[in-house]
Undergrad: 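Please find one structure pasted underneath; my questions will follow.
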Amino acid sequence: RPPPYTCAPNLLLAMRPRPRGALVLRRFFLFLPSLASAYIAEAAPAPALDVRCNRTDGEEPKEAQVQLLQSSRPAVLPGHLRHGSRRSLTGKNPAQLPPQKLVEPKELAIFVTSGDNRPQGDCSAKTWVSDALDFGFQVVYYGQNASHFSSSGDEIPTRRVEDYGALLGVRDRYDVWPVFVGNVLEDLLQHLPEVKFVVRLDDDSFLNPESLWHSLLALPLEESSRWMIGDCGPDEHHSLWCSGGAGIVLSRPLAELLAKQLRSGYRSANTCALVGRNDDDTMGICASKFGARIVNHHGFHPFPPSRLEDNGGDARGGVPRRLPPWTFWPLLGSLLGAPHLDAGCRVEQLGPFAVVQDWITYHHMTCEQQHALSAALHKARERQRRPASSLWRPPFRPPPCAGTLPSSRLKAQKVERRCENADELTRRWLCGSRARVGSL
């Protein structure tokens with residue numbers, strides 16, 4: 001049924017004169033047109049459009065004015081509304097966005113990529129993946145033909161999508177890993193419609209599920225719907241990205257966007273899917289285009305933990321033998337001339353390893369290292385007399401020491417860069433093996 005009126009805009013009455021201050025700002029920023037238009041559009045009122053509506057049912061014509069709120073907004077966001085912003089790309093109040101607060105561990109899903117020729121596929125399934133399942137997380141393998149079983153003998157779900165040679169070792173191509181992970185995200189979100197967060201990990205990674213859970217609970221997840229959390233820093237394209245093997249945490253709304261963008265190629269937003277070489281840097285570039293909150297976090301590590309035997313000592317009571325206790329108090333240590341350990345978090349002994357307090361992940365782990373670290377975690381839980389399935393329940397512990405770090409494009413530093421600038425003791429105890437640190 002046609003409407004009883006027709007409307008046509010009166011273009012002569014469309015524009016109102018801008019305030020004098022806006023004109024001065026525009027002239028002042030002539031050398032920066034994009035920045036000027038962004039800030040002026042935020043400060044100046046939107047033009048009004050006079051719409052003349054003529055009734056078609058014989059009644060008197062009426063006039064109405066509507067305010068154009070969106071058509072006058074530029075597509076480019078000011079810099080302060082991008083990383084770390086409390087506003088979304090649409091400009092909506094965070095309270096109007098879907099809440100992302102986690103309630104139970106089953107609302108988080110982990111997908112693990114593993115090829116048939118990798119021994120870490122079975123080792124991860126019997127160690128940290130089993131721990132994550134016992135904690136309550138959902139875990140899905142994405143591989144080829146191999147099946148994976150937990151330490152209790154239960155089969156872990158394994159799904160298959162087109163990998164374009166990624167699981168055979170093909171890397172550094174925009175049409176391989178980015179498209180493969182895009183397929184994984186699309187399949188995983190359809191398979192698990194109830195999850196709120198997705199974690200991307202490799203089979204040679206290692207996850208501490210308790211630290212991951214408490215670290216996410218310490219973040220203001222309700223402030224945004226688009227989160228990317230991990231070991232993040234800028235790349236040569238000046239975009240933030242997070243190390244894939246160290247683990248990338250994605251909120252569901254952002255994962256849904258990336259699932260589409262990673263498979264869109266030249267049709268992606270600003271061709272972001274063609275800029276990176278692998279899935280982790282490509283996801284960071286595309287997430288930046290959508291104003292995601294990319295958070296650099298202290299708990300994610302792209303290298304294995306240091307072995308105590310490699311450092312010629314051991315850690316007793318959480319303090320290495322060679323370090324005095326006041327080393328781990330940043331203010332007191334600085335007054336006494338002590339070396340500054342990474343973010344002030346102390347070194348802890350966990351089995352044969354020295355790990356940073358409240359660590360979440362390590363990467364490039366061999367099967368031997370995965371089994372040794374898993375056994376050490378089990379012994380630590382036995383001392384607490386708490387099963388893994390109850391670690392997420394109240395009473396919760398205080399916020400973790402290893403927390404968020406500066407995450408702006410100018411200040412964010414991946415852990416490899418922080419290790420380069422750290423003192424000798426920090427590199428020895430918190431930055432993996434000496435050989436790896438020396439090659440950073």
Undergrad: What's the shortest heavy-atom distance between Ser130 and Ser151, and which atoms?
TA: OG-N, 2.9 Å
Undergrad: For the residue pair Ala273 and Ser268, what are the closest heavy atoms and their distance?
TA: N-OG, 3.1 Å
Undergrad: Heavy-atom count around Tyr174 OH within 6.0 Å, excluding the residue itself: above 12?
TA: no
Undergrad: Do Ile360 and Leu207 have side chains that approach each other closer than 4.5 Å (heavy atoms only, starting at C-beta)?
TA: yes
Undergrad: Taking the side chain as every heavy atom from C-beta outward, state whether Trp359 and Glu348 have any atom pair closer than 4.5 Å.
TA: no
Undergrad: Can you confirm whether Met228 sits close enough to Leu258 that some side-chain heavy atom of one is under 4.5 Å from a side-chain heavy atom of the other?
TA: yes
Undergrad: Between Phe137 and Trp213, what is the ring plane arrangement, given parallel below 30°, perpendicular above 60°, and tilted in between?
TA: tilted
Undergrad: Is Glu223 salt-bridged to Arg293, cutoff N-O under 4.0 Å?
TA: yes
Undergrad: Kindly say whether Tyr142 contributes a backbone atom to a donor-acceptor pair with the side chain of Thr113 at under 3.5 angstrom?
TA: no
Undergrad: When you look at Leu133 and Val129, which way does the side chain to side chain contact (heavy atoms under 4.5 Å, CB included) test go after all the steps?
TA: CA-CA 6 Å; Leu133 291 170; Val129 171; 4.3 Å; yes
Undergrad: Parallel under 30°, tilted from 30 to 60°, perpendicular over 60°: which one fits the rings of His148 and Tyr141?
TA: parallel
Undergrad: Verify salt bridge (charged side-chain N to carboxylate O under 4.0 Å, His left out) between Lys379 and Glu382, making sure each step is shown before the conclusion.
TA: CA-CA 5 Å; Lys379 290 182 180 179; Glu382 290 176 359; over 6 Å; no
Undergrad: Any side-chain heavy atom of Phe111 within less than 4.5 Å of one from Leu192?
TA: no
Undergrad: Is a side-chain donor or acceptor of Asp358 paired with a backbone partner of Cys401 at a separation under 3.5 angstrom?
TA: yes
Undergrad: Less than 4.5 Å apart, any side-chain heavy atom of Leu373 and any of Thr127?
TA: no
Undergrad: Which pairs count as salt bridge (Lys or Arg N to Asp or Glu O under 4.0 Å) when at least one residue sits in residues 174-193, sequence neighbours excluded?
TA: Arg159-Asp187, Arg173-Asp175, Glu186-Arg263
Undergrad: Spell out, as yes or no, whether a donor-acceptor pair under 3.5 Å connects the side chain of Ser264 to the backbone of Arg267.
TA: no
Undergrad: For residues Glu107 and Lys101, report the shortest heavy-atom separation together with the two atoms involved.
TA: OE1-O, 4.2 Å
Undergrad: In Å and rounded to the nearest 0.5 Å, what is the CZ to CG distance from Arg226 to Leu250?
TA: 13.0 Å
Undergrad: Hey, are His364 and Asp202 close enough side-chain-wise for a donor-acceptor pair under 3.5 Å?
TA: no
Undergrad: Apply salt bridge (charged side-chain N to carboxylate O under 4.0 Å, His left out) to Arg200 and Asp280, showing your working.
TA: CA-CA 9 Å; Arg200 177 243 190 271; Asp280 45 11; 5.8 Å; no
Undergrad: Taking Leu405's backbone N and O only, do any of them form a donor-acceptor pair with Ser407's side chain (distance below 3.5 Å, no angle check)?
TA: yes
Undergrad: Taking Glu416 for the side chain and Phe303 for the main chain, is one N or O donor matched with an acceptor at less than 3.5 Å?
TA: no
Undergrad: For His363 and Ser243: C-alpha separation, side-chain torsions, deciding distance, then whether side chain to side chain contact (heavy atoms under 4.5 Å, CB included) applies.
TA: CA-CA 10 Å; His363 188 216; Ser243 300; over 6 Å; no
Undergrad: Mind checking whether Asn296 and Asp231 have side chains closer than 4.5 Å, heavy atoms only?
TA: yes
Undergrad: Test side chain to side chain contact (heavy atoms under 4.5 Å, CB included) on Leu216 and Leu108 and set out the steps.
TA: CA-CA 10 Å; Leu216 292 177; Leu108 184 144; 3.5 Å; yes
Undergrad: Check this for me, if you would: do Glu256 and Arg252 make a salt bridge, where the nitrogen-to-carboxylate-oxygen distance has to be below 4.0 angstrom?
TA: yes
Undergrad: Let me have the donor-acceptor pairs involving side chains of residues 160-170, under 3.5 Å, with sequence neighbours excluded, atom names and distances please.
TA:
unit_1: Arg160; atom_1: NE; unit_2: Gln144; atom_2: O; d: 2.1
unit_1: Arg160; atom_1: NH2; unit_2: Asn145; atom_2: O; d: 3.3
unit_1: Glu162; atom_1: OE2; unit_2: Tyr164; atom_2: N; d: 3.4
unit_1: Asp163; atom_1: OD2; unit_2: Gly165; atom_2: N; d: 3.3
unit_1: Asp163; atom_1: OD2; unit_2: Ala166; atom_2: N; d: 3.2
unit_1: Asp163; atom_1: OD2; unit_2: Leu167; atom_2: N; d: 3.1

Undergrad: Looking at Thr361 and Gly247, would you say the former's side chain and the latter's main chain have a donor-acceptor pair under 3.5 Å?
TA: no
Undergrad: Measuring only between side-chain heavy atoms, which start at C-beta, is Pro209 closer than 4.5 Å to Trp128?
TA: no
Undergrad: Can a donor-acceptor pair be found, under 3.5 Å and without considering hydrogens, that links the side chain of Gln261 to the backbone of Ala269?
TA: yes
Undergrad: Look at the aromatic rings of His297 and Phe300 and report parallel, tilted or perpendicular, splitting at 30° and 60°.
TA: perpendicular
Undergrad: Between Ser239 and Ile285 (side chain of the first, backbone of the second, donor and acceptor by atom type, cut-off under 3.5 Å), is there such a pair?
TA: no
Undergrad: Parallel, tilted or perpendicular for His301 and His298, by the 30°/60° rule?
TA: tilted
Undergrad: Does Glu194, at its CD atom, have more than 12 non-hydrogen atoms belonging to other residues, nucleotides or ligands within less than 6.0 Å?
TA: yes
Undergrad: What I'd like to find out is whether the side chain of Asp172 reaches to under 4.5 Å of the side chain of Asn278, using heavy atoms alone.
TA: yes
